[in-house]
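The structure under discussion appears below in the form of C-alpha cells.
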Amino acid sequence: MPETSALLRLKSGGREIDQTLFPGGYFKEYIFFHRGSKALILTDTIINLELDKIAEPWRTATKLTSMYHPHGQIFFGMRLPLLLQRRKAKAALRKIHSWQPDRILLSHGRCFDTRADEVIRRIFGEPHSW
C-alpha cells in the first residue's frame, strides 16, 4: 500500500511525472511520463530485446513472440487480458497519446529514442481505433 500512495503523491504533488494504469490482467502496470524529457517510461508493457544478446532457448521464444529489436511488441502475458479489458486499455492509450512522448524508455531491451508516436501506433494501433 505505501507504494501506491507514494505514486499518487508523486502524481499530484510534482507535475513533472504523470502516470496511468495500463490493464493486463495479472500483469497490469503503471506507465509513467516524464514531462521535462517527454519520455514514456515502461517496465513490462513493451519488450524490445536484442537477439544477439540472449541465448537459446530464449532467443527462439523471443522470435516467436515478436518481442525483439527493432520492432518490439506488447509483452505476451498482457495480450489476451488487453483484449478482455478493451475499455480500460483504450482509456490508457488515449492518455498516453495525449502526452505526445518523444521517446520510450524500457526496462527490457533497447529503448526507442525517437518516433515514439510511430512506435505506439504500430504496436497498439491508430488512435481512432482506441
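Side-chain atoms are counted along with the backbone in the values below, which use heavy atoms only and exclude waters and symmetry mates.
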Tell me, please, which residues at least two apart from Arg35 pass salt bridge (charged side-chain N to carboxylate O under 4.0 Å, His left out).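 Testing Arg35 for salt bridge (charged side-chain N to carboxylate O under 4.0 Å, His left out), a comparison that skips the adjacent residues, returns Asp18.
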With sequence neighbours excluded, what pairs up with Arg110 under the salt bridge (charged side-chain N to carboxylate O under 4.0 Å, His left out) test?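 Partners of Arg110 by the salt bridge (charged side-chain N to carboxylate O under 4.0 Å, His left out) criterion, ordered by chain and then number, come out as Glu50.
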Pairwise distance [atom1]([X]) to [atom2]([Y]) - rounded to 0.5 angstrom:
| X | Y | atom1 | atom2 | value |
| --- | --- | --- | --- | --- |
| Ile123 | Ser66 | CD1 | OG | 10.5 Å |
| His71 | Ile46 | NE2 | CD1 | 14.0 Å |
| Ile74 | Leu42 | CD1 | CG | 11.0 Å |

Side-chain heavy atoms nearer than 4.5 Å, only ILVMFWY residues, links allowed to pass through others: does that put Leu51 and Met67 together?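 Yes, same cluster.
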Hydrophobic cluster identity match, Phe32 and Leu21, side-chain contacts under 4.5 Å: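 Hydrophobic grouping puts Phe32 with Leu21.
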Side chains of [X] and [Y]: closer than 4.5 Å at any heavy-atom pair?
| X | Y | result |
| --- | --- | --- |
| Leu64 | Thr62 | no |
| Arg121 | Asp117 | yes |
| Leu49 | His69 | no |
| Ile120 | Leu40 | yes |
| Phe33 | Lys95 | no |
| Ile96 | Thr20 | yes |

Acceptor/donor pairs from residues 100-108 side chains to any protein atom, 3.5 angstrom cut, sequence neighbours excluded:
from: Ser107; atom 1: OG; to: Thr43; atom 2: O; distance (Å): 2.4
from: His108; atom 1: NE2; to: Asp44; atom 2: OD1; distance (Å): 2.7

Residues in side chain to side chain donor-acceptor pair (under 3.5 Å) contact with Thr60, at least two apart in sequence or another chain: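 Expected list: Glu56.
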Do side-chain atoms of Gln73 reach the backbone of Asn48 as a donor and acceptor pair under 3.5 angstrom?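 Answer holds: no.
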Can you name the side-chain contact (heavy atoms from CB on, under 4.5 Å) partners of Lys88, sequence neighbours left out?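 Lys88 satisfies side-chain contact (heavy atoms from CB on, under 4.5 Å) with Pro23, Gln85 once adjacent residues are dropped.
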Tell me if the CZ atom of Arg122 is crowded by more than 12 foreign heavy atoms within 6.0 Å.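 Atom CZ in Arg122 is packed in, count exceeds 12.
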Step through it carefully: locate the ring centre of Phe22, locate the ring centre of Phe75, and say whether they are under 6.0 Å apart. no
Partners passing ring-ring contact (aromatic ring centres under 6.0 Å, His included) against Phe112 (at least two apart in sequence or in another chain):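 For Phe112 there are no ring-ring contact (aromatic ring centres under 6.0 Å, His included) partners, ignoring immediate neighbours.
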